[in-house]
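Below you'll find the structure, written out as structure tokens, and then a few comments.
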Amino acid sequence: MKITGAKIFVGGPAKNYVTIKIMTDQGVYGLGDATLNNRETLPAAYLQDYLIPNLIGMDPRNSEDIWQFFYRGAYFRRGPIAMASFGAIDMALWDIKGKLANMPLYQLFGGKSRDGAMVYAHATGTDLEDLMDSITAYVEQGYKAVRVQCGIPGMPSASYAVPETRGANKNYISDFSGVRPKIEVWDTEKYLRFMPGALAEIRARFGPDLKILHDVHHRLTPREAAQFAKAVEPVGLYWLEDPTPAEDQNALRLLRQHSTVPVAIGEVFNSIWDCNTLIQEELIDFIRVAVTYAGGITHVKRIVDLAGLHHVKTGFHGAPSHSPISMAAQHHLNAWAPNFGIQEYLVLGTPECDALFPSDHKMENGMVYVSDAPGLGVDFDENEAEKYSYRAGSHPVVRLEDGTIWDY
Ligand code: CS2
Ligand code: MG
């Protein structure tokens with residue numbers, strides 16, 4: 001069996017997705033997602049210029065060997081662009097494998113460990129009351145877990161994932177006005193004064209059962225993160241996400257010495273080597289990698305197995321940055337993983353997105369039920385894809401009030 005060709009599509013209804021379709025001499029094709037948010041043209045070029053010409057003629061069933069060929073063969077290993085590109089090919093090869101076996105992917109991993117996988121939604125508010133309304137709406141839809149982000153009093157601009165005006169829906173994933181980012185202003189002291197109390201009020205309002213998550217988005221120093229984690233300990237958070245910049249593996253040691261709050265990290269990790277120390281030293285509780293830019297199913301499965309040895313559960317990244325193709329790959333991993341924790345999930349569910357990526361993975365009452373169709377269980381409509389093209393976008397850049405650059 002041979003790979004005969006592959007096509008790349010960049011674009012989408014609400015944001016740019018990078019989709020690969022790999023064709024074979026037996027008519028079976030596979031789909032992969034190489035979306036690297038706000039840098040989408042880069043994995044597309046890596047795939048187009050280097051990886052696809054090498055793929056043609058290879059046997060698509062040898063997904064492990066193909067992964068190793070590209071990873072080791074690159075010499076300059078890791079990094080989000082390369083790993084997103086390898087990841088997309090890997091997903092597509094698993095999709096082909098599942099279709100050849102006539103089985104949904106979770107069966108090839110070891111079958112189902114659960115019926116449905118718990119997801120969390122994103123609640124956000126300009127102020128605490130606005131946020132309470134947003135949480136209530138999700139609870140009424142049956143969600144068991146909600147990530148909460150709130151505007152900080154006195155902060156000169158809206159902060160991470162928080163809209164400018166009440167009830168507005170902020171697209172914080174991409175600002176499509178071009179490659180020049182918007183500037184957001186941040187003040188750690190105001191955040192540290194306000195947020196622990198706000199989280200306590202949310203717990204008091206919604207009672208003990210709601211799983212409350214909060215994302216600090218890498219903005220605290222290790223000492224501040226330890227202070228924050230200690231302060232929010234009585235809230236009983238499900239997790240505290242990215243309290244410190246993710247490159248600094250030492251940072252979490254200090255937090256661990258001061259608090260038992262569960263820590264989630266990893267949405268910017270690309271490799272098992274980025275989380276090896278954190279997992280083996282049991283400094284984290286949830287690993288947040290995504291199949292997209294952590295090298296696909298082959299590599300993420302290795303991370304999941306390593307994590308399982310150290311009581312670390314999965315909490316895969318699922319921001320709208322990812323297309324329904326990589327989300328489908330994660331639904332299959334979530335159905336199987338013995339150490340599954342939770343899945344971040346934002347309903348893309350617009351008619352345009354469903355038309356571009358038809359699938360029957362189901363979301364009901366805050367749980368995802370994986371599709372039983374062979375392979376990934378998601379398709380890609382090339383005619384629909386012709387409606388969309390690449391639009392340049394960017395993440396905001398964060399500055400302190402005196403102008404100093406800070407972490408987004
Ligand atoms: C975030 C992301 O979902 C999350 O937890 O931290 O939304 C992140 O801001 C985006 O993926 C950046 O592209
Ligand atoms: Mg995050």
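Remember, it's 1-based here, ligands and their atoms both numbered in the order they're listed. We count residues from 1, following the sequence as given.
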Per-atom contacts of ligand 1 with [X], taking only distances under 4.0 Å to non-hydrogen atoms:
X: Arg147; result: 1 (C), 3 (O), 4 (C), 5 (O)
X: Asp215; result: 1 (C), 4 (C), 5 (O), 6 (O)
X: Glu267; result: 1 (C), 2 (C), 4 (C), 5 (O), 6 (O), 8 (C)
X: Arg288; result: 4 (C), 5 (O)
X: His395; result: 12 (C), 13 (O)

ask   = With distance as the sole criterion, is a donor-acceptor pair present between the side chains of Glu184 and Ser157 under 3.5 Å?
value = no

Ser321 and Lys15 side chains, donor-acceptor separation under 3.5 Å =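 The criterion, which ignores hydrogens and geometry beyond distance, is not satisfied for Ser321 and Lys15.
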
message = Does atom CG (Asp49) have a neighbourhood of more than 12 heavy atoms from anything else shown, all under 6.0 Å?
response =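 Above 12, so yes.
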
request  = Take atom NZ of Lys230 as the centre, draw a 6.0 Å sphere, and report whether it contains more than 12 heavy atoms from other residues, nucleotides or ligands.
outcome  = no

If we only count N/O pairs under 3.5 Å, is [X] in contact with ligand 1?
X: His317; answer: yes
X: His217; answer: yes
X: Tyr120; answer: no
X: Asp242; answer: no

ask   = Of the options Trp406, Tyr160, Tyr191, Trp186, which is the one that meets His217 in a ring pair (Phe, Tyr, Trp, His ring centres under 6.0 Å)?
value =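 Of the listed options, the one satisfying the test is Tyr160.
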
Is the closest basic N to carboxylate O distance between [X] and [Y] below 4.0 Å?
X: Lys313; Y: Asp285; answer: no
X: Arg78; Y: Asp274; answer: yes
X: Glu344; Y: Arg288; answer: yes
X: Glu281; Y: Arg256; answer: no

task = Kindly identify the option in Lys15, Arg39, Glu344 whose heavy atom sits closest to atom 4 (C) of ligand 1.
result = Glu344

For the Mg ion (ligand 2), find the closest N/O/S atom belonging to [X] and write down its atom name.
X: Glu241; value: OE2
X: Glu267; value: OE1
X: Asp215; value: OD2

